[in-house]
2 protein chains.
Amino acid sequence: MVALDKIDRKEIIIKVAQSLFGKFGLAKTTIEDIARQARMGKASIYYYFKSKESIFKEVIEKEGAELRRKIQDAVSSVETPQDKLRIYALTRMESLKKLANYYNAMRDEYLEHYAFIEKARQGFDAFEVDLISRILKQGVDQGVFAIANIPLTAEAILAAIKGLEYRWTIEVPMERIRENIDVLLTILFKGIEKRA
Amino acid sequence: MVALDKIDRKEIIIKVAQSLFGKFGLAKTTIEDIARQARMGKASIYYYFKSKESIFKEVIEKEGAELRRKIQDAVSSVETPQDKLRIYALTRMESLKKLANYYNAMRDEYLEHYAFIEKARQGFDAFEVDLISRILKQGVDQGVFAIANIPLTAEAILAAIKGLEYRWTIEVPMERIRENIDVLLTILFKGIEKRA
DNA sequence: TTTCGAACGAAAAACGATATCATTCGAAAG
DNA sequence: CTTTCGAATGATATCGTTTTTCGTTCGAAA
């Protein structure tokens, strides 16, 4: 079918671009590289995308969507609000470190795209605050958390988790990260728990 | 007196350099600029300092020392551990934003000095963890906090506060920062408070 | 002991020539 | 009509070279 073919091609291009951007960065990846690996002439790329930047944007969006799904799945895999928060924090740590490096590399080489990336980052932020808010609300509904202002608390918790993330850049083993998250979450849980 | 004269000259150079580095950054500030504003020939600078980098290091150290003193003073001005933590968080927010920008600018223009700046940053980190630890210990001694591992808790709290700092870069008014710190600290306090 | 004019050399800026690469066009294949 | 791509275009990056800037040293003088 014609329409399906079109979608397939687009997806091939995106996949190839995702892999190449990941390996070599935005600047070092040429349209010709993408075309070659996608087995088409470079002019053909422009039948599916209006510019290199638009490919880049779709790749970023795809990475973001994948990450959201991954976090969402992890959170859904456990039951209690406490476990949800814990597994959320761990999953975002593991995954976002990769994406953050990606973003930073992009920012360094192409300052022009910074605004766009910043917007993507903010969108992801909103997703996280929303996710945490929903977990907190669930805890409040179940009578295990006592929280006055849920969105503000969610923001504070996200900030705290991010603080841990920034604290170690690359060289820290996941084990120590887990330990620190545990300490932080233990305090936070006691702080938002409903008292007997 | 001769010895006093020498110190005075050194201090003049440092003051001038501090002001110029702050305004124009390390790369854009020349030894000649410093010499002119300090009213001496540029060769004379080398009678007091062995290199531009050594001037830079002393300036960074001075900025760090000033900031430590400022935070220390603020903390000493209140009584309870809770108030101390609160005023510490606010003071570091206000002041460190400036210094962080400074550091970042330096890192961007002179990658060679990155290792040194990183060391300074880590030293400041240690200072903060130590300060928080002492406040926490005071709280434990007074029977208002119950904390299992004080240093680890201090690290977690510092991380949480830093998370707030990173969250807003420049464009956020101090008022909103205060609000967010309040929410975070309220949770944290409840989390480390000794229960009746 | 302290100051500084003059000179040195390494590194950066300026510049012009050349090459790269994103993008467009128009023709042709299916 | 949809899709492909070879070839051309122009803006921008790169590279080799010359010139300038700037950190640093030296030696003399105050």
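So that the names make sense, note that chain A is the first sequence line, chain B the second, and so on, each numbered from 1.
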**Q.** Touch class at under 4.0 angstrom, heavy-atom based, for B:S54 against every strand present
**A.**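 B:S54: no heavy atom of the nucleic acid under 4.0 Å.
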Q: Spell out, as yes or no, whether a donor-acceptor pair under 3.5 Å connects the side chain of B:K70 to the backbone of B:S95.
A: no
Q: Measure from the side chain of B:Y46, starting at C-beta and using heavy atoms only, and say which of D:dT24, C:dT3, C:dA22 lies closest.
A: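 That would be D:dT24.
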Q. So which nucleotide from D:dT4, C:dA22, D:dG23 ends up closest to the side chain of A:S44?
A.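 For the A:S44 side chain, the nearest candidate turns out to be D:dT4.
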(Q) Short of 4.0 Å, heavy atom to strand atom, which residues of residues 33-42 of chain B count as contacting DNA chain C? (A) B:M40, B:G41
Quick one: [X] [atom1] to [N] [atom2], roughly how many Å, whole number?
X	N	atom1	atom2	result
B:I45	C:dT3	CD1	P	10 Å
A:E32	D:dG6	CD	C1'	12 Å
B:I31	C:dG5	CD1	P	16 Å
A:R9	D:dT3	CZ	P	10 Å

Q: Please determine if a side-chain N or O atom of A:Y47 lies less than 4.0 Å away from the OP1 or OP2 oxygen of D:dT3.
A: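 It does, given that an N or O in the side chain of A:Y47 lies less than 4.0 Å from OP1 or OP2 of D:dT3.
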Q) When every nucleotide of nucleotides 25-30 of chain C is labelled 5' to 3' by its protein contacts under 4.0 Å (heavy atoms), B for base, S for sugar-phosphate only, - for none, what sequence of letters results? A) B-----
Q) Is the count of non-hydrogen atoms from other residues, nucleotides or ligands lying under 6.0 Å from B:E175 atom CD greater than 12? A) no
Q: Could you please name the partner base of D:dA30, counting Watson-Crick and G-U wobble pairs only when both distances are under 3.5 Å?
A: C:dT1
Q. Any luck finding a side-chain donor-acceptor pair between B:D33 and B:T30 under 3.5 Å?
A.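 Yes, side-chain donor-acceptor contact under 3.5 Å.
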Q. Relative to A:Y48, does A:R9 satisfy both conditions: NZ or CZ under 6.0 angstrom from the six-membered ring centre, and within 45 degrees of the ring's axis?
A.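 Cation-pi check for A:R9 and A:Y48: fails.
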Which atom pairs link the protein and nucleotides 8-11 of chain C when you take only N or O atoms and keep those under 3.5 Å?
none

